[in-house]
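Input: a single structure, listed below in C-alpha coordinates.
If you're wondering where the values come from, they're calculated on a predicted model, not measured in any experiment. Within every chain, numbering begins at 1; the chains are lettered A, B, ... in the order of the sequence lines, protein sequences first and strands thereafter.
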Protein chains: 2
Amino acid sequence: MQDGTFLSPGHPLETRLRGDVFCAACPTRQLLDRIADKWSTLILIVLGDGPMRFNALRHRIDGVSQKMLSQTLKALERDGLVSRSVAPTVPVSVTYAMTPLGRSLLAALQSMIDWAETHMDEVEAAQAAYDGRDRP
Amino acid sequence: MQDGTFLSPGHPLETRLRGDVFCAACPTRQLLDRIADKWSTLILIVLGDGPMRFNALRHRIDGVSQKMLSQTLKALERDGLVSRSVAPTVPVSVTYAMTPLGRSLLAALQSMIDWAETHMDEVEAAQAAYDGRDRP
DNA sequence: CTGCATCCGCAATGATACTG
DNA sequence: CAGTATCATTGCGGATGCAG
(Lines give C-alpha, C1' and ligand atoms only; values in the text may rest on other atoms or scores of the structure.)
Protein backbone atom coordinates (compact mmCIF):
# COMPACT_ATOMS: atom_id res chain seq x y z
CA MET A 1 0.00 0.00 0.00
CA GLN A 2 1.61 3.13 -1.19
CA ASP A 3 -0.04 6.50 -1.38
CA GLY A 4 -3.41 7.04 -2.90
CA THR A 5 -2.30 7.28 -6.51
CA PHE A 6 -4.80 5.33 -8.58
CA LEU A 7 -3.14 5.29 -11.96
CA SER A 8 0.37 6.24 -12.82
CA PRO A 9 -0.23 9.14 -15.14
CA GLY A 10 1.06 8.81 -18.65
CA HIS A 11 0.70 5.08 -18.85
CA PRO A 12 -0.30 3.97 -22.32
CA LEU A 13 -2.86 1.55 -20.96
CA GLU A 14 -4.49 4.19 -18.86
CA THR A 15 -7.22 4.92 -21.35
CA ARG A 16 -7.95 1.28 -22.11
CA LEU A 17 -8.89 0.40 -18.57
CA ARG A 18 -12.42 0.69 -17.36
CA GLY A 19 -12.05 0.27 -13.64
CA ASP A 20 -8.47 -0.46 -12.87
CA VAL A 21 -7.27 -3.68 -11.45
CA PHE A 22 -3.64 -2.75 -11.52
CA CYS A 23 -3.64 -0.04 -8.94
CA ALA A 24 -3.30 -1.38 -5.44
CA ALA A 25 -5.68 1.14 -3.96
CA CYS A 26 -8.54 0.63 -6.39
CA PRO A 27 -11.53 -1.26 -4.96
CA THR A 28 -11.59 -3.45 -8.05
CA ARG A 29 -8.15 -4.68 -7.16
CA GLN A 30 -9.23 -5.45 -3.62
CA LEU A 31 -12.13 -7.43 -4.96
CA LEU A 32 -9.95 -9.32 -7.39
CA ASP A 33 -7.53 -10.17 -4.63
CA ARG A 34 -10.43 -11.63 -2.71
CA ILE A 35 -11.93 -13.80 -5.41
CA ALA A 36 -8.51 -14.80 -6.70
CA ASP A 37 -7.79 -16.16 -3.27
CA LYS A 38 -6.86 -19.79 -2.81
CA TRP A 39 -9.65 -20.72 -0.43
CA SER A 40 -12.29 -18.35 -1.72
CA THR A 41 -12.28 -20.02 -5.11
CA LEU A 42 -12.70 -23.48 -3.67
CA ILE A 43 -15.37 -22.42 -1.22
CA LEU A 44 -17.40 -20.70 -3.89
CA ILE A 45 -17.15 -23.66 -6.23
CA VAL A 46 -18.28 -26.04 -3.53
CA LEU A 47 -21.14 -23.83 -2.45
CA GLY A 48 -22.11 -23.38 -6.07
CA ASP A 49 -23.25 -26.95 -6.01
CA GLY A 50 -25.59 -26.36 -3.12
CA PRO A 51 -25.82 -25.09 0.46
CA MET A 52 -23.56 -26.69 2.97
CA ARG A 53 -22.79 -26.70 6.68
CA PHE A 54 -19.54 -25.55 8.19
CA ASN A 55 -18.03 -28.89 8.98
CA ALA A 56 -19.24 -30.31 5.69
CA LEU A 57 -17.28 -27.59 3.94
CA ARG A 58 -14.31 -28.26 6.13
CA HIS A 59 -14.38 -31.90 5.27
CA ARG A 60 -14.98 -31.28 1.60
CA ILE A 61 -12.14 -28.83 1.07
CA ASP A 62 -9.09 -30.78 1.96
CA GLY A 63 -6.32 -28.85 3.63
CA VAL A 64 -8.27 -25.87 4.86
CA SER A 65 -7.97 -25.01 8.52
CA GLN A 66 -10.92 -24.09 10.65
CA LYS A 67 -9.56 -20.63 11.05
CA MET A 68 -9.06 -19.96 7.35
CA LEU A 69 -12.46 -21.40 6.50
CA SER A 70 -14.18 -19.28 9.09
CA GLN A 71 -12.24 -16.22 8.06
CA THR A 72 -12.81 -16.66 4.36
CA LEU A 73 -16.48 -17.41 4.81
CA LYS A 74 -16.91 -14.27 6.82
CA ALA A 75 -15.21 -12.22 4.16
CA LEU A 76 -17.32 -13.78 1.44
CA GLU A 77 -20.44 -13.11 3.45
CA ARG A 78 -19.41 -9.51 3.90
CA ASP A 79 -18.91 -9.19 0.18
CA GLY A 80 -22.40 -10.50 -0.38
CA LEU A 81 -21.25 -13.59 -2.22
CA VAL A 82 -22.26 -16.09 0.43
CA SER A 83 -25.23 -16.13 2.79
CA ARG A 84 -25.12 -17.51 6.29
CA SER A 85 -28.28 -19.04 7.73
CA VAL A 86 -28.53 -19.98 11.37
CA ALA A 87 -31.19 -22.52 12.26
CA PRO A 88 -32.24 -22.15 15.92
CA THR A 89 -31.90 -25.82 16.68
CA VAL A 90 -30.00 -27.37 19.55
CA PRO A 91 -27.23 -27.39 18.79
CA VAL A 92 -27.36 -24.61 16.23
CA SER A 93 -27.05 -25.45 12.57
CA VAL A 94 -25.29 -22.92 10.41
CA THR A 95 -25.71 -23.33 6.69
CA TYR A 96 -23.78 -21.44 4.04
CA ALA A 97 -25.14 -20.88 0.56
CA MET A 98 -24.50 -18.84 -2.54
CA THR A 99 -26.24 -15.55 -3.06
CA PRO A 100 -27.39 -14.58 -6.56
CA LEU A 101 -24.42 -12.25 -6.69
CA GLY A 102 -22.05 -15.03 -5.85
CA ARG A 103 -23.74 -17.26 -8.37
CA SER A 104 -23.04 -14.72 -11.08
CA LEU A 105 -19.35 -15.16 -10.40
CA LEU A 106 -19.54 -18.91 -10.52
CA ALA A 107 -19.27 -19.18 -14.28
CA ALA A 108 -15.94 -17.42 -14.35
CA LEU A 109 -14.58 -19.57 -11.53
CA GLN A 110 -15.84 -22.70 -13.18
CA SER A 111 -13.97 -21.66 -16.31
CA MET A 112 -10.77 -21.60 -14.32
CA ILE A 113 -11.42 -25.04 -12.87
CA ASP A 114 -12.27 -26.36 -16.31
CA TRP A 115 -9.11 -24.90 -17.74
CA ALA A 116 -7.02 -26.38 -14.95
CA GLU A 117 -8.49 -29.81 -15.49
CA THR A 118 -8.21 -29.58 -19.25
CA HIS A 119 -4.67 -28.26 -19.57
CA MET A 120 -3.08 -29.89 -16.59
CA ASP A 121 -1.20 -32.38 -18.73
CA GLU A 122 0.30 -29.59 -20.81
CA VAL A 123 1.38 -27.77 -17.69
CA GLU A 124 2.98 -30.89 -16.33
CA ALA A 125 4.81 -31.39 -19.59
CA ALA A 126 6.02 -27.80 -19.46
CA GLN A 127 7.20 -28.28 -15.90
CA ALA A 128 9.09 -31.42 -16.84
CA ALA A 129 10.70 -29.64 -19.78
CA TYR A 130 11.64 -26.69 -17.60
CA ASP A 131 13.12 -28.83 -14.86
CA GLY A 132 15.05 -30.95 -17.33
CA ARG A 133 16.62 -28.08 -19.28
CA ASP A 134 19.65 -27.09 -17.26
CA ARG A 135 18.30 -27.31 -13.79
CA PRO A 136 19.07 -30.61 -12.05
CA MET B 1 -2.53 -33.00 3.44
CA GLN B 2 -4.20 -36.01 4.79
CA ASP B 3 -4.04 -39.45 3.29
CA GLY B 4 -4.46 -40.10 -0.38
CA THR B 5 -8.25 -40.05 -0.42
CA PHE B 6 -9.24 -38.15 -3.50
CA LEU B 7 -12.97 -38.08 -3.17
CA SER B 8 -15.09 -38.80 -0.19
CA PRO B 9 -17.21 -41.69 -1.39
CA GLY B 10 -20.91 -41.18 -1.43
CA HIS B 11 -20.70 -37.46 -1.93
CA PRO B 12 -23.36 -36.15 -4.28
CA LEU B 13 -20.71 -34.16 -6.08
CA GLU B 14 -18.66 -37.20 -6.78
CA THR B 15 -20.14 -37.92 -10.18
CA ARG B 16 -20.12 -34.31 -11.28
CA LEU B 17 -16.40 -33.86 -10.82
CA ARG B 18 -14.02 -34.81 -13.53
CA GLY B 19 -10.59 -34.23 -12.03
CA ASP B 20 -10.75 -33.17 -8.44
CA VAL B 21 -9.86 -29.77 -7.22
CA PHE B 22 -10.76 -30.39 -3.64
CA CYS B 23 -8.07 -32.79 -2.66
CA ALA B 24 -4.93 -31.02 -1.58
CA ALA B 25 -2.71 -33.65 -3.15
CA CYS B 26 -4.29 -33.58 -6.59
CA PRO B 27 -2.20 -31.78 -9.24
CA THR B 28 -5.29 -29.95 -10.40
CA ARG B 29 -5.51 -28.34 -7.02
CA GLN B 30 -1.88 -27.27 -7.19
CA LEU B 31 -2.49 -25.72 -10.56
CA LEU B 32 -5.60 -23.94 -9.39
CA ASP B 33 -3.74 -22.54 -6.43
CA ARG B 34 -1.19 -21.14 -8.84
CA ILE B 35 -3.53 -19.44 -11.31
CA ALA B 36 -5.85 -18.30 -8.55
CA ASP B 37 -2.91 -16.46 -7.08
CA LYS B 38 -3.08 -12.75 -6.52
CA TRP B 39 -0.05 -11.81 -8.61
CA SER B 40 -0.31 -14.54 -11.20
CA THR B 41 -3.70 -13.28 -12.29
CA LEU B 42 -2.52 -9.72 -12.69
CA ILE B 43 0.67 -10.70 -14.49
CA LEU B 44 -1.17 -12.89 -16.94
CA ILE B 45 -3.76 -10.22 -17.66
CA VAL B 46 -1.07 -7.64 -18.30
CA LEU B 47 0.93 -9.96 -20.51
CA GLY B 48 -2.23 -10.85 -22.34
CA ASP B 49 -2.16 -7.35 -23.69
CA GLY B 50 1.26 -7.89 -25.21
CA PRO B 51 4.88 -8.77 -24.39
CA MET B 52 6.51 -6.69 -21.71
CA ARG B 53 9.85 -6.20 -20.01
CA PHE B 54 10.52 -6.86 -16.37
CA ASN B 55 10.56 -3.30 -15.12
CA ALA B 56 7.60 -2.44 -17.28
CA LEU B 57 5.62 -5.15 -15.55
CA ARG B 58 6.84 -3.94 -12.22
CA HIS B 59 5.65 -0.45 -12.93
CA ARG B 60 2.40 -1.60 -14.40
CA ILE B 61 1.34 -3.82 -11.52
CA ASP B 62 1.16 -1.52 -8.60
CA GLY B 63 2.18 -2.97 -5.28
CA VAL B 64 4.18 -5.93 -6.48
CA SER B 65 7.69 -6.32 -5.13
CA GLN B 66 10.64 -7.36 -7.29
CA LYS B 67 10.88 -10.55 -5.38
CA MET B 68 7.28 -11.57 -5.87
CA LEU B 69 7.33 -10.54 -9.51
CA SER B 70 10.47 -12.49 -10.20
CA GLN B 71 9.25 -15.46 -8.24
CA THR B 72 5.82 -15.53 -9.84
CA LEU B 73 7.21 -15.06 -13.33
CA LYS B 74 9.55 -17.95 -12.80
CA ALA B 75 6.71 -20.15 -11.66
CA LEU B 76 4.55 -19.12 -14.59
CA GLU B 77 7.41 -19.81 -16.97
CA ARG B 78 7.88 -23.22 -15.43
CA ASP B 79 4.21 -23.94 -15.92
CA GLY B 80 4.52 -23.02 -19.57
CA LEU B 81 2.14 -20.09 -19.33
CA VAL B 82 4.74 -17.38 -19.90
CA SER B 83 7.83 -17.31 -22.10
CA ARG B 84 11.04 -15.54 -21.21
CA SER B 85 13.18 -14.11 -24.02
CA VAL B 86 16.63 -12.76 -23.34
CA ALA B 87 18.07 -10.35 -25.90
CA PRO B 88 21.88 -10.33 -25.77
CA THR B 89 22.18 -6.57 -25.58
CA VAL B 90 24.16 -4.52 -23.10
CA PRO B 91 22.62 -4.47 -20.68
CA VAL B 92 20.48 -7.53 -21.28
CA SER B 93 16.84 -7.09 -22.24
CA VAL B 94 14.48 -9.70 -20.90
CA THR B 95 11.02 -9.78 -22.38
CA TYR B 96 8.11 -11.80 -21.05
CA ALA B 97 5.22 -12.88 -23.20
CA MET B 98 2.26 -15.21 -23.14
CA THR B 99 2.55 -18.69 -24.54
CA PRO B 100 -0.39 -20.18 -26.46
CA LEU B 101 -1.12 -22.24 -23.36
CA GLY B 102 -1.23 -19.14 -21.23
CA ARG B 103 -3.38 -17.40 -23.77
CA SER B 104 -5.92 -20.17 -23.53
CA LEU B 105 -6.34 -19.33 -19.88
CA LEU B 106 -6.73 -15.65 -20.51
CA ALA B 107 -10.44 -15.77 -21.28
CA ALA B 108 -11.27 -17.25 -17.90
CA LEU B 109 -9.12 -14.70 -16.09
CA GLN B 110 -10.61 -11.87 -18.06
CA SER B 111 -14.04 -13.08 -17.02
CA MET B 112 -13.02 -12.64 -13.41
CA ILE B 113 -11.74 -9.14 -14.03
CA ASP B 114 -14.89 -8.27 -15.92
CA TRP B 115 -17.02 -9.62 -13.13
CA ALA B 116 -15.07 -7.66 -10.55
CA GLU B 117 -15.48 -4.44 -12.49
CA THR B 118 -19.13 -5.08 -13.23
CA HIS B 119 -20.31 -6.14 -9.79
CA MET B 120 -18.06 -4.03 -7.66
CA ASP B 121 -20.87 -1.66 -6.73
CA GLU B 122 -23.02 -4.54 -5.52
CA VAL B 123 -20.18 -5.88 -3.45
CA GLU B 124 -19.59 -2.48 -1.93
CA ALA B 125 -23.28 -2.22 -1.11
CA ALA B 126 -23.17 -5.65 0.50
CA GLN B 127 -20.13 -4.64 2.52
CA ALA B 128 -21.83 -1.47 3.70
CA ALA B 129 -24.93 -3.43 4.65
CA TYR B 130 -22.85 -6.00 6.50
CA ASP B 131 -20.84 -3.42 8.39
CA GLY B 132 -23.93 -1.47 9.31
CA ARG B 133 -25.94 -4.41 10.63
CA ASP B 134 -24.78 -4.87 14.18
CA ARG B 135 -21.10 -4.37 13.80
CA PRO B 136 -19.89 -0.88 14.75
C1' DC C 1 -21.85 -30.92 19.77
C1' DT C 2 -21.08 -26.94 16.51
C1' DG C 3 -18.96 -22.77 15.56
C1' DC C 4 -15.72 -19.20 16.48
C1' DA C 5 -11.90 -16.32 18.96
C1' DT C 6 -7.16 -16.29 20.80
C1' DC C 7 -2.54 -17.90 21.46
C1' DC C 8 1.95 -19.01 19.34
C1' DG C 9 5.34 -21.12 15.70
C1' DC C 10 6.57 -20.93 11.04
C1' DA C 11 6.53 -20.08 6.22
C1' DA C 12 5.68 -16.69 2.94
C1' DT C 13 5.92 -11.79 1.86
C1' DG C 14 7.80 -7.11 1.43
C1' DA C 15 11.66 -3.56 1.57
C1' DT C 16 16.41 -2.66 0.94
C1' DA C 17 20.96 -3.30 -0.92
C1' DC C 18 24.10 -5.58 -3.91
C1' DT C 19 25.90 -8.31 -8.31
C1' DG C 20 25.95 -9.69 -13.45
C1' DC D 1 18.16 -3.40 -16.63
C1' DA D 2 17.31 -7.91 -14.62
C1' DG D 3 17.69 -10.57 -10.81
C1' DT D 4 19.46 -12.38 -6.30
C1' DA D 5 20.61 -12.06 -1.25
C1' DT D 6 19.56 -10.45 3.23
C1' DC D 7 16.65 -8.95 6.97
C1' DA D 8 12.08 -7.32 9.17
C1' DT D 9 7.28 -8.18 9.13
C1' DT D 10 2.98 -9.99 8.07
C1' DG D 11 -0.02 -13.53 7.68
C1' DC D 12 -1.15 -18.38 7.59
C1' DG D 13 -1.74 -22.74 9.98
C1' DG D 14 -2.39 -25.60 14.18
C1' DA D 15 -3.80 -26.16 18.98
C1' DT D 16 -6.38 -24.69 22.61
C1' DG D 17 -10.24 -22.63 24.99
C1' DC D 18 -14.76 -20.44 25.17
C1' DA D 19 -19.81 -19.42 23.89
C1' DG D 20 -24.38 -21.03 22.29
End-to-end axis angle, where each axis spans five pairs of the helix from C:dC1-D:dG20 to C:dG20-D:dC1, to 10°: 40°

A:T95: which residues meet the side chain to side chain donor-acceptor pair (under 3.5 Å) condition with it, sequence neighbours left out? none

Partner residues of A:S93 under the side chain to side chain donor-acceptor pair (under 3.5 Å) criterion, sequence neighbours left out: A:T89

Please confirm whether the shortest side-chain N or O distance from [X] to OP1 or OP2 of [N] is below 4.0 Å.
| X | N | result |
| --- | --- | --- |
| A:K67 | C:dC7 | no |
| A:Y96 | C:dG3 | no |
| B:N55 | D:dA2 | yes |
| A:Q66 | C:dG3 | no |
| A:W39 | D:dG11 | no |
| B:R53 | D:dA2 | yes |
| B:R58 | C:dG14 | no |

For A:S104, give me all partners under side-chain contact (heavy atoms from CB on, under 4.5 Å), at least two apart in sequence or on another chain. A:L101, B:W115, B:H119

Test side-chain contact (heavy atoms from CB on, under 4.5 Å) applied to B:Q66 - qualifying residues, sequence neighbours left out: B:R58

Calculate the interatomic distance between B:E77 atom CD and D:dA2 atom C1'; express it in whole Å. 13 Å

Expressed as a whole number of angstroms, how long is the span from A:K38:NZ to C:dA12:P? 10 Å

Of B:Q71 and A:Q71, whose nearest nucleotide on DNA chain D comes first from the 5' end? B:Q71

Comparing nearest nucleotides in DNA chain C, the 5'-proximal residue of the pair B:V92, B:S65 is B:S65

Heavy atoms, side chains only, cut-off 4.5 Å: are A:S83 and A:M98 in contact? no

Partners meeting ring pair (Phe, Tyr, Trp, His ring centres under 6.0 Å) with B:W39 (sequence neighbours left out): none

